[in-house]
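Both counts, for ligands and for their atoms, begin at 1 and track the order of listing. Model, not experiment: these values are computed from the prediction.
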Amino acid sequence: MRIACFSTKDWVRRSFDRANKGGAHEITYLEAGLDDTTASLSEGHEAVCAFVNDTVDAEVLQELADRGVTCVALRCAGFNNVDVQKAHDLGITVVRVPAYSPHAVAEHALGMMLTLNRRYHRAFNRIREQNFSLEGLLGFDVHGKTVGVIGTGKIGRVFCELVRGFGCRILAYDKYPDAELGDAGVEYVDLEPLYRASDIISLHCPLTHETHHMIDGEAIGSMKEGVMILNTSRGALVDTAAVIDGLKTGAIGYLGLDVYEEEEDLFFEDLSDQVIQDDTFVRLQTFPNVLITAHQAFFTREAINNIAEVTLGNLAEVETGGKPSNLVSPDMVASS
Ligand code: NAI
């Protein structure tokens, strides 16, 4: 297949070249992100390969269809950036990589939890300046704490297994509870009791109409004073203005974000020479108890190799006809 691969970085090119055994596919690597201003670059390709922050809305899909694109291959799990119904109506097949390494994301969430608690980031900087004071580095034992996990799919499940190793009580909320996790001691409860009882809350559910801004002022108001919130899922699960208020009052004691609701204009790029225009993001960075990473939770060798292999496998399936195993269909949007 001729594939236009948008938002290409060096590591994308390397992993896809490695996975494209025998040059089975003809891949055009494009640095540009996909949106209405760049969709025309798909001319001459049957497929487009897109990433998390590419825009695949109705307008872009129409442009892709007009240029002969018949498949959008997402090299990520989430598909909230795609108008799946419009793609279906235009006869464009959408495929994704449902799981590339749940361990990568769950382990990153755990790393954020430990860093926020024990302040490794601050200790690292201090030691380099020969400041060996412990003032301000006081943490807490994770052992014995209550951890609330929202969404216990592939990543949430691994996160539960990891924190269980610390001797935590685990409360979970999911629209479809996992009986096996329940048998293993994870307590499924509604959101309200989870908010009330958890010392640490980690988000692992997809972004849908239902989950958009689920962490808002009201939710924060019902949480334990000084709660730790971790979001490695999708930025818009969290109402950023509300968490800033919560950080200012101390209602939130620690915040770990690998995703941000307006990250499209920031993440994955080196903007170190530029003035950031997003005042909300800049405000977030001023808190000593906020740790932000730029959507890197997935970024392990294992995960990026899986992404490339599964994406090219998806495209090979589409090329040979029949129903692809990793199809994204409109009913998945309706039921999510
Ligand atoms: P998954 O589909 O295996 O699990 C999602 C779980 O959320 C399911 O158990 C589902 O029942 C549950 N869920 C759906 N709606 C819900 C709701 N309204 N309330 C509570 N639970 C709900 O997905 P997976 O692989 O575990 O990924 C979770 C999320 O992590 C993805 O949707 C994606 O947004 C994010 N992600 C982030 C990455 C990163 O690098 N930061 C990388 C990969 C995924």
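Close approach of ligand 1 to R234 (heavy-atom distance below 4.0 Å) involves ligand atoms 33 (C), 34 (O), 35 (C), 36 (N), 37 (C). For ligand 1, the atoms lying closer than 4.0 Å to a non-hydrogen atom of F298 are 40 (O), 42 (C). Set against the non-hydrogen atoms of Y176, the atoms of ligand 1 under 4.0 Å away are 11 (O).
Remark: E43 engages R67 in a salt bridge (Lys or Arg N to Asp or Glu O under 4.0 Å) (not counting sequence neighbours). Evaluation of the side-chain contact (heavy atoms from CB on, under 4.5 Å) rule for E264 yields N53 as partners, not counting sequence neighbours.
Using a 3.5 Å distance cut-off with no hydrogens or angles, the side chains of D57 and T55 do not pair a donor with an acceptor. A donor and an acceptor atom, one from each side chain of E302 and S101, are nowhere located under 3.5 Å apart. In summary, the side chains of D54 and S7 do present a donor paired with an acceptor at a separation below 3.5 Å, with no hydrogens or angles considered.
For Y100, every heavy-atom contact with ligand 1 shorter than 4.0 Å involves the side chain, none the backbone. Contacts of T208 with ligand 1, taken as heavy-atom pairs under 4.0 Å, are absent altogether. If you look at Q296 next to ligand 1, there are no close heavy atoms at all, none under 4.0 Å. Only the backbone of H204 comes within contact range of ligand 1, with a heavy atom under 4.0 Å; no side-chain atom does. Of the heavy atoms in D258, only side-chain atoms (C-beta onward) come closer than 4.0 Å to ligand 1.
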TODO: Show your working on salt bridge (charged side-chain N to carboxylate O under 4.0 Å, His left out) between R2 and E319 and close with a plain yes or no.
DONE: CA-CA 10 Å; R2 278 169 302 170; E319 201 173 17; over 6 Å; no
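Relative to atom 22 (C) of ligand 1, the option among A303, S101, P177, C205 with the closest non-hydrogen atom is C205. Of the options I150, D174, V105, N80, the smallest heavy-atom separation from atom 9 (O) of ligand 1 is shown by D174.
Aromatic pair F298/W11: ring centres closer than 6.0 Å. A ring-centre distance under 6.0 Å is not found for F16 and Y29.
At least one N or O atom of I155 sits closer than 3.5 Å to an N or O atom of ligand 1. The shortest N or O to N or O distance between Y173 and ligand 1 is not below 3.5 Å. Residue L207 has no N or O atom closer than 3.5 Å to an N or O atom of ligand 1.
Ligand 1 lies within reach of S233, whose nearest heavy atom is under 4.0 Å from it. Under a 4.0 angstrom heavy-atom cut-off, G78 registers as lying outside contact with ligand 1. Ligand 1 has at least one atom lying under 4.0 Å from a heavy atom of T211.
Inter-residue side-chain proximity for L207 and H212 is flagged as met; some heavy-atom pair is nearer than 4.5 Å.
Here the rule is side-chain hydrogen bond (donor to acceptor under 3.5 Å, both in side chains) with H108, and of T232, T293, T300 only T293 fits it.
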